[in-house]
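Take a look at the structure set out below.
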Amino acid sequence: ELASREAWLVYATLKDVAMKNLDFTALVRRNSNDGSRLHWLEMRYHWPRVDVALQLQQQSGTQLTEFGIGPYRRSAQLLAAYYFQ
């Protein structure tokens, strides 16, 4: 049986939130079989050749579930991407 039959996912992106070039993205994935969840948020600002983003992730569930088994429950990441032309 496919694992995807027991899961759902919601993904949303908002462009130019609060100011021009600031994007917000959110994802929630839930395993309906074991009740575990993954939440992911990103705020990204775009310049002509550089993007800077803050990403936050949270996983919940008991230790024997798909998203509860990982070693980290919460994580944050700040990143920058430079685009060559």
Side-chain angles (χ1 to χ4, degrees):
E1 186 173 329
L2 296 174
S4 61
R5 291 183 185 174
E6 298 294 327
W8 57 263
L9 178 125
V10 175
Y11 179 87
T13 299
L14 299 170
K15 302 283 185 184
D16 297 328
V17 175
M19 67 175 66
K20 185 177 173 145
N21 298 328
L22 180 64
D23 299 343
F24 177 78
T25 303
L27 175 138
V28 177
R29 182 164 179 235
R30 184 175 191 276
N31 183 323
S32 298
N33 193 29
D34 64 21
S36 63
R37 274 182 257 152
L38 167 70
H39 301 93
W40 181 80
L41 299 171
E42 178 186 83
M43 298 223 35
R44 181 176 293 262
Y45 189 83
H46 307 279
W47 283 282
R49 297 184 71 176
V50 177
D51 282 2
V52 175
L54 174 64
Q55 298 176 341
L56 305 172
Q57 181 175 318
Q58 180 175 335
Q59 300 181 62
S60 63
T62 62
Q63 291 183 343
L64 298 177
T65 60
E66 179 181 9
F67 299 114
I69 198 166
Y72 303 107
R73 293 293 181 148
R74 293 184 180 135
S75 62
Q77 180 174 292
L78 181 63
L79 62 99
Y82 181 80
Y83 300 104
F84 296 94
Q85 293 181 348

* Can you tell me how far CG of L78 sits from CG of L56, rounded to the nearest 0.5 angstrom? -> 10.0 Å
* **Euclidean distance, E66 CD relative to R30 CZ, rounded to 0.5 Å** => 11.5 Å
* Structure fact -> Smallest heavy-atom separation, H39 atom then S60 atom, equals CE1-OG, 4.5 Å
* **Min side-chain heavy-atom separation D34-F67 under 4.5 Å** => no
* Measure across V10 and W8 and return the closest heavy-atom pair with its distance rounded to 0.1 Å. => CG2-CZ3, 3.5 Å
* Asked: Short question: side chain of R73, backbone of G61 - any donor-acceptor pair under 3.5 Å?
  -> yes
* Asked: Quick one: are W40 and Q55 in side-chain contact, heavy atoms under 4.5 Å?
  -> yes
* To do: Please confirm whether the backbone N or O of D16 pairs with a side-chain atom of D23, one donor and one acceptor, at under 3.5 Å?
  => yes
* Test item: F24 and L41 side chains (from C-beta on) under 4.5 Å apart, heavy atoms -> yes
* Asked: What's the spacing between R74 CZ and Q59 CD if we round to 0.5 Å?
  -> 11.5 Å
* Evaluate whether atom OH of Y82 has more than 12 neighbouring non-hydrogen atoms of other residues, nucleotides or ligands under 6.0 angstrom away. => yes
* Residue pair V50, Y45: steps toward the side-chain contact (heavy atoms from CB on, under 4.5 Å) verdict -> CA-CA 8 Å; V50 177; Y45 189 83; over 6 Å; no
* Between W47 and L79, is there a shared hydrophobic cluster once you connect ILVMFWY residues whose side-chain heavy atoms come closer than 4.5 Å? -> no
* Report whether M19 and V17 are members of the same hydrophobic cluster (ILVMFWY, side-chain heavy atoms less than 4.5 Å apart, transitive linking). => yes
* Asked: Rounded to the nearest 0.5 Å, how far does CG of L38 lie from CD of Q58?
  -> 9.5 Å
* **CG (L64) with more than 12 external heavy atoms under 6.0 Å** => no
* Structure fact -> Checking T62, I69, T65 against S36 for side chain to side chain contact (heavy atoms under 4.5 Å, CB included), the one that qualifies is T65
* To do: Please examine the side chains of L27 and T25, heavy atoms only from C-beta on, and report whether any two atoms are closer than 4.5 Å.
  => no
